[in-house]
Asks: 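Dropping a structure here in structure tokens format, bear with me for questions.
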Protein chains: 2
Amino acid sequence: MSKVKLKDIADKAGVSLMTVSRVMNNEPKVGAKTRQRIEALAKELNYSPNVAARQLSSSKSYFIGIVCEHVNANYVSKFLVGALKQCRTNGYHIVIDETAGEIGKALSIVKELIHETKVDGMILLPPLTDIPEVLALLKEVNIPFVRIAPDIDLLASAYVCMDDYQAAYDITEHLVKSGHKRIAHIIGNENQGVSRLRYQGYLDALRSHRLLSPPEYIEQGDFTYKSGLVAAEKLLSLTELPDAIFASNDEMAAAAMSVAHKNRLDIPEQISVVGFDDTELASTVWPRISTIRQPLKDMAILAIKLLTEPENSLTNNPSVVKRHILPYQVCLRESSK
Amino acid sequence: MSKVKLKDIADKAGVSLMTVSRVMNNEPKVGAKTRQRIEALAKELNYSPNVAARQLSSSKSYFIGIVCEHVNANYVSKFLVGALKQCRTNGYHIVIDETAGEIGKALSIVKELIHETKVDGMILLPPLTDIPEVLALLKEVNIPFVRIAPDIDLLASAYVCMDDYQAAYDITEHLVKSGHKRIAHIIGNENQGVSRLRYQGYLDALRSHRLLSPPEYIEQGDFTYKSGLVAAEKLLSLTELPDAIFASNDEMAAAAMSVAHKNRLDIPEQISVVGFDDTELASTVWPRISTIRQPLKDMAILAIKLLTEPENSLTNNPSVVKRHILPYQVCLRESSK
DNA sequence: CTGAAAGCGCTTACAG
DNA sequence: CTGAAAGCGCTTACAG
């Protein structure tokens, strides 16, 4: 059971190995019938290209660079796993680098990935998706790149995201439909676009059910647990207590639950709490937090496909779809009723 | 600035490319002087081998397999980042696979990595380090492998770990030295060796300071937040409250803090809480948890080196050191005084 | 201890 | 639209 190679297919098809190579790389100049025959044969023989040979003979590196702020961030590692998987099937490899907090490092990291590692494509993870200098550089050197959940200049690249607005709307509506009337919200970091989208989804869901969102039920947080603590202390010391809190992420939701427990409020009987992101934390604490699951793995898989599959070629094809909105999942658990 | 290759070094050194290749691969049969000259030259020219060429011409795959239970587990992703980094410098690639809870899948995953992916080496992450069938298979096919923090049959492979016993001793002693006299412990999952080691470290630290550890101060947990909740409820309803709790991991420590807060106990003024692992959770909650940081990244780097650097050759060299104990770090934060 | 030859499986560039 | 030739940078196997 040795590996099948181009030559094997060529022999069976009665053509030269070059023709097979062209079919495999989706190059245009092959007769339609020949193409079909070869494609069928390749599938039948379960052909997969030898990455090393390909890399050695071509000018491509078969490396995809991923740039992020912290490699240990939860969403980054989830993304990484999906990316690693898809790369394995497409014969690519991942190089990942982090700015480690210094957002200024982003530009030099991107430069290094381009010039040293010579990546064939790049993925920008939030919040590094919106640095004008980086976008300008990438466009200048004409390296295909995909951004995950970008905020600005959406047409600058292909991008993959989910509908934060609608998800926030949905989870708020879940609270409304299960009978909550006084729903508070803790807004996320004010510099990130998603905070705004989630806040807007919350507001619109309330409005379309003719519920009020009085200003004292809106607190500004910044996505940290501590900011959630501060916000929840305020919300839970109001004369008229909210009967539900929608926090813009799970960490702030966990903090809100902790304050509620301290105040001897039963969750979810006296107050429901919901979060966003479905991080580990959401199912670590007790009760487990109802939240929104981002399709991070699928986002990663799609991003790699966009970068590595010739039919998606980002460079030459102006007709290619740039915007990819992936479905999310509402995870209802014990923190809300 | 094009890449230097074997031929370039060979020309400068006045030898054949073969000799250079031998030096690079640490093969024995090269004259000492020639070897030195070539090594110096290689360093000077900043030579690094072309992975693709190497892979294509050799029978090696230059893939290292990592087997774990959940790729999303926090410690796995931290490990992964270190491994990825070291692989990049050594010209190897990572393939990672998970049993996703079904421990029975471990054997088939390992088989696939051996026969399909043809990995050159393998890393077993806990708790998959101690499956007799897997160990037997790996030994039979003679594939080098490294285990991280194994529990049983320590001589079966090289392994990398930290000193859980001593770390537990240290953090308990920290509590003692800062004046705590009634220190409780929540034991981890009883099936994992580390729970025992940490428990033992706790006991010995108390004993050597002539402090008591009465049975009602010892609770059995299982590393989950929920088990921490249950254990802490019991500890904090005792007539004589403990003035400190050492939980065998951060999740249980976070749970203990939550119960303490509910009971209106100030942390750390009325009770200190410490954990183990330094997961994200430890610095997410407030106050942040004092804990032990495992050197996961260094463990990964070392494991990859053991597997990929010829001087560590695990297969042929019986004199190679099998046991590698890496230093940990005690992280003191706001949850203890 | 050292080297000349062949080949790994592809792609690039050229020829028809 | 199709193919024959050369070569990517290494290693393996053989010869001395």
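By convention in this document, chain letters (A, B, ...) are assigned in the order of the sequence lines, proteins followed by strands, and residues within each chain are numbered from 1. As the structure is a prediction and not an experimental result, all values here were calculated from the model.
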Asks: Indicate yes or no: does B/D153 engage B/R147 in a salt bridge with an N to O separation below 4.0 Å.
Replies: no

Asks: For C/dG9, does either OP1 or OP2 sit under 4.0 Å from a side-chain N or O belonging to A/Y47?
Replies: no

Asks: If you assign B/V15 and A/E27 each to the DNA chain C nucleotide with the nearest heavy atom, which residue ends up on the more 5' nucleotide?
Replies: B/V15

Asks: For the side chain of B/K29, starting at C-beta, report the closest nucleotide among D/dC10, C/dT11, C/dT2.
Replies: C/dT2

Asks: For A/Y62, answer base if it contacts any base atom (sugar-phosphate contacts may also be present), sugar-phosphate if it contacts only those atoms, and nothing otherwise; contact means non-hydrogen atoms under 4.0 Å.
Replies: nothing

Asks: Looking at C/dA15, which nucleotide sits across from it as a Watson-Crick or G-U wobble partner, both distances under 3.5 angstrom, or is there none?
Replies: D/dT2

Asks: Parallel, tilted or perpendicular: which fits the ring planes of B/Y92 and B/Y62, with parallel below 30° and perpendicular above 60°?
Replies: tilted

Asks: Among the nucleotides D/dC10, C/dC10, D/dG3, which one has an atom lying closest to any side-chain atom of A/T19?
Replies: D/dG3

Asks: Atom CD of B/Q55 to atom C1' of D/dC8: distance rounded to whole Å?
Replies: 14 Å

Asks: As a test of reading the structure: which of D/dT11, D/dC10, C/dT2 is closest to the side chain of B/K5, going by heavy atoms?
Replies: D/dC10

Asks: Let me know which of A/I9, A/L6, A/I38 forms a side-chain contact (heavy atoms from CB on, under 4.5 Å) with A/T19.
Replies: A/I38

Asks: From CZ of A/R22 over to C1' of C/dC14, roughly how many Å is that when rounded to an integer?
Replies: 11 Å

Asks: Using distance alone, with no hydrogens and no angle criterion, decide if A/S48 and A/K3 have a side-chain donor and acceptor under 3.5 Å apart.
Replies: yes

Asks: Report the distance from atom CG of A/L17 to atom C1' of C/dC8, rounded to the nearest whole Å.
Replies: 13 Å

Asks: Which whole-number value in Å describes the distance from A/M24 CE to C/dT11 P?
Replies: 10 Å

Asks: Given C/dT2, C/dT11, D/dC10, which nucleotide is nearest the side-chain atoms of A/R54?
Replies: C/dT11

Asks: If each of B/A32 and B/L56 is mapped to the nucleotide of DNA chain C with the nearest heavy atom, which maps nearer the 5' terminus, i.e. the 5' end?
Replies: B/A32

Asks: Under 4.0 Å between a Lys/Arg side-chain N and an Asp/Glu carboxylate O for A/K7 and A/D11?
Replies: yes

Asks: Just to confirm, is there a sub-4.0 Å distance from OP1 or OP2 of C/dC8 to any side-chain nitrogen or oxygen of A/N50?
Replies: no

Asks: Atom CE of A/M18 to atom C1' of C/dG9: distance rounded to whole Å?
Replies: 13 Å

Asks: Specify the separation, in whole Å, of atom CG of A/D11 and atom P of D/dG3.
Replies: 12 Å

Asks: Can you tell which of C/dT11, C/dT2, C/dC10 lies closest to the side chain of B/T34?
Replies: C/dT2

Asks: A/S57 side chain: which of C/dG3, D/dC10, C/dC10 is closest?
Replies: C/dC10

Asks: From CG of A/L6 over to P of C/dG7, roughly how many Å is that when rounded to an integer?
Replies: 18 Å

Asks: Report the distance from atom NZ of A/K60 to atom P of C/dG9, rounded to the nearest whole Å.
Replies: 20 Å

